[in-house]
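The next block holds one structure in the form of structure tokens; read it before the comments.
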Amino acid sequence: MTIDPRQISPDNLHRGVKMALDTGEVASVADGYALFSRYRVNIIAGPEVEASRAHQVALLTMVNTGRRSLLGGVHVAGALDVPLLVALPGVGDTLSQAVVSLGGTWVDKPHDDSPTIILGSATLPTTVTVPCFVATFDGWRGGVGPVGECERLSERADSTLGAILAGAIAMSEIFQNLRGYVLAGHRTVGMSLWDPEALDWHGGDDAPAIHAAPSRLWLMGLGHLGQAYLWTIALLDFEQPEAVEITLQDFDRLSEANDSTSLLTTLDRVGEKKTRVMAEWLEGRGFQTRIVERKFDGDLHLTDDDPQVALCGVDNLEARAALDEAGFKLVVEAGLGAGPDEYVAARIHCFPASVTSRSKWGGLDRDRAKGEGRAYDTLLESGAIDACGLVQLATRTVGAPFVGLVAACLVVGELLRRLHGGPELEVIDLSLRAPNQRMVVQLDKRSHPWSYGFTTVRSVVWPS
């Protein structure tokens, strides 16, 4: 990949490549792109993808997150010339068409020297010697582990939420392994969204089948997190998608940089309003939408006709401080870590809570990066960017789409769990570098989520 440093700006720099600039491991922006172009992954899909909607969801999730993170590509082997069972607008009618449309490459056989993910009952070629693991899921659970060590879950065909979670965690382990974190790809990692505190996600649980989901939501912010929320929600198998109404709030336009972290962004839509592009995508899926193109400041004056549940995906501290002042009955928000070390961290908050959003974020200032490192020096010395532009470039956040998607699974899982009578949480804190060390705080006072509007999703009756 040839990169012209004179064309690099805060609006087009790949958010993954930026971590190589921030660590100082590359001497130039071009070297950073060259490094990430060597990152690639194999996915070997088993025969389950022909008839299992959940296996297709897991595969498409890995392709969508992987092609944005690994510039060397996502190479998928398997019998993919089968009908697409997931209602996604504009990706074709077959699974192979969807894989290619989302940025993957359909191959006859995997590359011997690339990390490999096994999906379903596919077999691993004996020639592959690099890290190989299986992605598995069931209901509310999803995770990955080394081939031969990680026992597969039941992988029921209606396990959409668990399939998305497994796909996101799988790509996290691949990416961290390629970035030199030796534990990634050699350990078993996963969680249950029914009980995020439990470390034994493989064991049996008493979680019910997912049969209901919110029908009216207000989404603030349509970048990395907001689009991850939409991917997770829209892939649920609603019996009547037209019964779902989503209000989309954002004031910004899509940039080239969004393509590296945001799951519904494509380069052909750069420059368009985020709200308009997301509304078009959702309506293509069958949902109803409403658009609000203004900054969120808490001064909304909600009416009875507005959604009472909000999902927040903005990183503006002033906006987050006003979250529980807008009149929503329930707000679930996520914040992601920043920098080349903390980008794998996420924290989820729910309001009302034991503390207000104002007391949590009011008066805080975000630290500004300094733009230190060899690649930044090269940009400045070559005249490709001035000191002001360097500061703007340095303050852009490092990011990877699978982190936002894991956070989205936790956020959407919180709503679904409340609808199904499960425990209600106030805070979930985790890092995908050490996911078993996550922290969970239970909410003292239960809410009444059924009154906020719900609709049904397709599910099967699980054996007792």
With a 4.5 Å heavy-atom cut-off, do [X] and [Y] have their side chains touching?
X	Y	value
C350	V331	no
L432	Q176	yes
V144	T188	no
K274	R269	no
L311	I233	yes
L88	L60	yes
I348	E333	no
P131	P146	no

Sidechain-backbone polar pair: [X] side chain, [Y] backbone, donor-acceptor under 3.5 Å:
X	Y	answer
S260	A257	yes
R15	L13	yes
Q308	L330	no
E173	G185	yes
S9	D11	yes
E245	Q288	no
H14	G16	yes
Q227	L264	yes
D250	L222	yes
S215	F454	yes

From CA spacing to verdict: ring-ring contact (aromatic ring centres under 6.0 Å, His included), Y181, F175: CA-CA 9 Å; Y181 186 50; F175 185 85; over 10 Å; no

Donor-acceptor pairs are to be reported for all side-chain atoms of residues 70-84 against protein atoms at under 3.5 Å, with residues two or more places apart or in another chain.
residue, atom, partner, partner atom, Å
H75, NE2, G72, O, 3.3

Side chain to side chain donor-acceptor pair (under 3.5 Å) evaluation trace for S52 with H55: CA-CA 5 Å; S52 169; H55 284 84; 2.7 Å; yes

Six-ring centre of W201, R141 cation under 6.0 angstrom, axis tolerance 45°: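 No.
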
Run the side chain to side chain contact (heavy atoms under 4.5 Å, CB included) test against [X] and tell me which residues pass, sequence neighbours left out.
X	value
R276	K273, I291, E293
F251	K295
P307	R216, W218, T247, R290

When you check the side-chain N and O atoms of [X] and [Y], is any donor under 3.5 Å from an acceptor?
X	Y	value
N42	T116	yes
T61	N64	no
D268	T266	yes
T456	Q240	no

is_close_aromatic(F36, Y33), centroid dist under 6.0 Å: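 No.
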
Test of understanding: with side chain to side chain donor-acceptor pair (under 3.5 Å), list the residues that count as partners of [X], not counting sequence neighbours.
X	value
E256	none
N12	none
T261	none

Smallest separation among heavy atoms of [X] and [Y], with atom names:
X	Y	answer
I169	G190	CD1-CA, 4.0 Å
I44	P110	CD1-CG, 3.8 Å
P241	R285	CG-NH1, 3.6 Å

Sequence neighbours excluded, every pair satisfying salt bridge (charged side-chain N to carboxylate O under 4.0 Å, His left out) that has a member inside residues 231-241: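 Pairs touching residues 231-241 that pass the test: R53-D237, D237-R458.
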
Pairs meeting criterion salt bridge (charged side-chain N to carboxylate O under 4.0 Å, His left out) with involvement of residues 54-80, two or more places apart: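 For residues 54-80, and leaving out neighbouring residues, the salt bridge (charged side-chain N to carboxylate O under 4.0 Å, His left out) pairs sorted by first residue read R67-D259, R68-D259.
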
Taking atom [atom1] as the centre, does [X] end up with more than 12 heavy-atom neighbours from other residues, nucleotides or ligands that are less than 6.0 angstrom away?
X	atom1	result
Q97	CD	yes
E272	CD	yes
E283	CD	yes
D93	CG	no

Whether Y343 and F402 hold their rings parallel, tilted or perpendicular, with breakpoints at 30° and 60°: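 Because their plane-to-plane angle is over 60°, the rings of Y343 and F402 count as perpendicular.
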
Compile the donor-acceptor pairs under 3.5 Å between side chains in residues 403-417 and protein atoms, sequence neighbours left out, one pair per line.
residue, atom, partner, partner atom, Å
E414, OE1, R417, NH1, 2.8
E414, OE1, R417, NH2, 3.1
E414, OE2, R417, NH1, 3.3
E414, OE2, R418, NE, 2.9
E414, OE2, R418, NH2, 3.3
E414, OE2, L425, N, 2.9
R417, NE, L193, O, 3.0
R417, NE, W194, O, 3.2
R417, NH1, P423, O, 2.8
R417, NH2, L193, O, 3.3

T136 vs E155, side chain to side chain donor-acceptor pair (under 3.5 Å): CA-CA, chis, key distance, verdict: CA-CA 7 Å; T136 189; E155 298 178 10; 2.7 Å; yes

Partner residues of H224 under the ring pair (Phe, Tyr, Trp, His ring centres under 6.0 Å) criterion, sequence neighbours left out: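 If we apply the ring pair (Phe, Tyr, Trp, His ring centres under 6.0 Å) test to H224, skipping adjacent residues, there are no hits.
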
F133: ring pair (Phe, Tyr, Trp, His ring centres under 6.0 Å) partners, not counting sequence neighbours: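 Once residues adjacent in sequence are excluded, F133 has no partner under the ring pair (Phe, Tyr, Trp, His ring centres under 6.0 Å) criterion.
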
